[in-house]
Structures are given as C-alpha cells and as structure tokens.
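Remarks on the structure that follows.
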There are 2 protein chains.
Amino acid sequence: MSQTPSKASGESLLFLTDEQLRKGIEAMFFAYRGFTADPDRILEERGYGRAHHRAVHFIRRSPGTTVNNLLSILGVTKQSLNRVLRALIEDGLVLSEVGTRDRRERHLTLTAEGAALDRALSDAQSHRMRMAYKAAGPEAVAGFRSVLEAMMDDTMRAQYDALKDRG
Amino acid sequence: MSQTPSKASGESLLFLTDEQLRKGIEAMFFAYRGFTADPDRILEERGYGRAHHRAVHFIRRSPGTTVNNLLSILGVTKQSLNRVLRALIEDGLVLSEVGTRDRRERHLTLTAEGAALDRALSDAQSHRMRMAYKAAGPEAVAGFRSVLEAMMDDTMRAQYDALKDRG
DNA sequence: TTGGAATGTCAACAAGGCTGACGTATTGTC
DNA sequence: GACAATACGTCAGCCTTGTTGACATTCCAA
C-alpha cells in the first residue's frame, strides 16, 4: 500500500507520496469549509440551510426545470428535496407551475425575491473564489478546474457539463 | 455586481465573468461529492458516517492529540464529537489514554483496527485523487493546491499548515 | 379501459450538527 | 489550603437534512 519513493517528490513526472495525497485530501476538506462559510452566514439570517442554497442555485441555473431533473442534479431523494422546495415556494422565492405537456411535472423558476437571494449567495461565494483565483494566478485556476473535473463521477460530470457553456 | 466584459475571457490577466465563477462553484460542488463517494461506501458497511471518517483521519494524522485539539481542527462542538468518539472507542478503533503531564487531558490514538480502517478509507480516497492528478497533469496539481489553500479561512489554513510538512 | 410507470406529496425516522446545563477530575493561582 | 479555571464527559432537547414507506395523481401502452 505505502509507497517507497525511489528518488524524491518528482516534478516532471507524476510521482505522488502518501503524504502528498493526504495533503490534497486535507486541502479539499478545509477549502470546502471556507467555500461554504460565507453563504452559510447569509442563509442563517433567513433560516435556511445549504439544501436551500443548492436548490436556488440550480433553479436559477436551469429555469423551468422539473423536480425530477433537480433531483438527479442534487443527488438526493425527492422527499428530501420536497421539504426545502415547499419552504421556498411558501416563502415566495420559487414558483412551481404544473407542466403543460405533462401535467405530472412541476416546472420550477425563481421569483424576483428568489433571484435576489441567489444573487446575494452567489456574490458572497464568488467573492471568495475570485480572491482565491487572484492569489493563485491564472494557470493555477486552470489546474484547479481540471483536477476538480477529473475528480467527479462520470454521471456527475455529465450534469456538470450540461449546465450552460464552459467557462 | 454583474460584470460587463470589455474584451472577452482574458487569459493573461485574471478577468473572470460571472459564468466562469459560477462554473468554479459548481465544480467544487460536484467534485466534493466525488471526493466523498468512495469512503462513504466503506463507512456505510460498518455503520459509520463522515464524522467518524474525519475523526479517524485526524487522529491518525496527529497521534496522541487531545480532544480539545481535535475539536478545533474539526470545527464542531465537543458534544458532537463525543458521540462519534464514544462509538469509535467502544468499537476498539480508538484508544483514549489519560495524559501523563496533565491528567485532565485524554490522548487519542488509533488501535491496529482503527489504523486498518483509516488505511482503507485513505486508499479509496487517494486512489480517486491520484487518478484525477494523473488526468490533469503535474502543473494542474500545483494549481489545484494553491487555489484550495487560498480559499481557506486564515484560522483553517493555520491548522492545515500545522499538519505535518508540506507536500 | 385498465394496469403499470412516472411524478410529486405527506408521515415518520435517523444521523449528526447545535445549545444549555451540569458533574468530575485536575491544575494553577492567590 | 481555598478557589477559580481548564479539560472532558454526559444528559436533554432542538434543527437540518438525509432516508424509507405509503399514497394520490397523471400519463401511456397493452
């Protein structure tokens, strides 16, 4: 299992020690905490959680999407999503309209108030990401994105790719 | 708030459209799912969750650490940590020993069985990370790490840095 | 037209966060 | 030596967000 580095930590070829991999794992852990910290503060003020954030984000991203589609993107059960969706609808942030072609479906869109919340959350999160990008430099940003994309499951990457065009 | 790109998506200077930032946010979301997917499967078999994983990981990382120290690394309350720690101790994965210098403290270490679980989890997670690194290339890896590190809060980065040497 | 599949809703439960209160052992200070 | 502070454990109860089970509605195909 554990590697015995023949030379040292190579830079041209990809030789990775357990320590390097472990450090990468920890970087993900701590960075994800930072990544969610700012939106969490905003959400708390309104009594929402991360689940609400995710729902709002992806509805904004794909206006008119169905509950089923949102389900597969978020990777949760419909019952779980339904709870947060119900709250958002009752609070007037999300609009749920019966489908015209298939009346079993509900098409979800953000109201003006929902869009405002999305903007507040997105701005907070983008600000941190912009600062990180600025600190790390353009090449680092490209590397960051390509490692993250390679880390997704295939099914996730398909959904990730399907969301609008590539940055 | 929204930007009006004067030229296009620049590559030499760091000019970032809302779309690019949004794509970065989504990359974090989907990648983190992939990042936790493999360990989650292993944990489920044994009736553990991510909280147990985190505890085991950082005890392995800092053998003999105190409960208080672990608390500040994980960023949870002692009541929360105590629940998972109690389970791990009862199951014989973690050893809790009264401190010699300060007998109020408990020093935590992994038993052989605990170390075995850590290895299984770490191998699963490292494998995916290694594949992602290999797919993205050495320069991407460096960029990945530097963006993640820039995204942490200062207090988190201090703890991240304190964990062994730099990869 | 009827039975099965798909979509979405309601109810109940579990994991794992949280706060608050409290007990105990130990340390360090006045 | 008395006493406050520290480190840890625990009980009780709450919230979010995941889960499964049961069920109503709607569509479609046999």
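By convention in this document, chain letters (A, B, ...) are assigned in the order of the sequence lines, proteins followed by strands, and residues within each chain are numbered from 1. Remember, predicted model here, so these are calculated numbers, not experimental data.
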Spell out, as yes or no, whether a donor-acceptor pair under 3.5 Å connects the side chain of A/S62 to the backbone of A/I59. no

Working to the nearest 0.5 angstrom, can you tell me the gap between A/M131 CE and A/S126 OG? 10.5 Å

Nucleotide D/dT6, atom P - distance to CZ of B/R106 in whole Å: 18 Å

Here the salt bridge (Lys or Arg N to Asp or Glu O under 4.0 Å) pairs for residues 50-59 of chain B, sequence neighbours left out, are B/D40-B/R50

Taken to the nearest whole Å, CD/B/E105 to C1'/D/dT6 is 10 Å

Heavy atoms, side chains only, cut-off 4.5 Å: are A/V94 and A/T109 in contact? no

Distance from A/T66 atom OG1 to A/H107 atom NE2, nearest 0.5 Å? 7.0 Å

Should the pair A/F58 and B/F30 be assigned to parallel (<30°), tilted (30 to 60°) or perpendicular (>60°) ring geometry? tilted

To the nearest 0.5 Å, how far apart are CG in A/L85 and NE2 in A/H52? 9.0 Å

Using the 3.5 Å cut-off, write out each protein N or O paired with an N or O of nucleotides 27-30 of chain C and the distance between them.
unit_1, atom_1, unit_2, atom_2, d
C/dT27, OP1, B/R103, N, 3.1

Should the pair B/H53 and B/H57 be assigned to parallel (<30°), tilted (30 to 60°) or perpendicular (>60°) ring geometry? perpendicular

Please report the shortest heavy-atom distance between B/A55 and B/V84, naming the atom on each side. CB-CG2, 4.5 Å

Strand contacts (DNA chain D) in residues 32-44 of chain A, 4.0 angstrom heavy-atom criterion: none

Quick test of your reading: applying side chain to side chain donor-acceptor pair (under 3.5 Å), list the pairs with at least one residue in residues 79-93 of chain A, sequence neighbours left out, ordered by first then second residue. A/Y48-A/D91

Protein-nucleotide distance (A/E45, atom CD; D/dT16, atom P), rounded to Å: 15 Å

Heavy atom of residues 64-86 of chain A under 4.0 Å from DNA chain D: which residues? A/V76, A/T77, A/Q79, A/S80, A/R83

N/O donor to acceptor pairs below 3.5 angstrom from side-chain atoms of residues 151-158 of chain A, sequence neighbours left out:
unit_1, atom_1, unit_2, atom_2, d
A/D153, OD1, B/R128, NH1, 2.8
A/D153, OD1, B/R128, NH2, 2.8
A/D154, OD1, A/R157, NH2, 2.6
A/R157, NH1, A/E149, O, 2.5
A/R157, NH1, A/M152, O, 3.3

Using OP1 and OP2 only, check whether a side-chain N or O of B/H52 sits under 4.0 Å from C/dA15. no

Nearest whole Å is fine: how far is D/dT19 C1' from B/R50 CZ? 14 Å

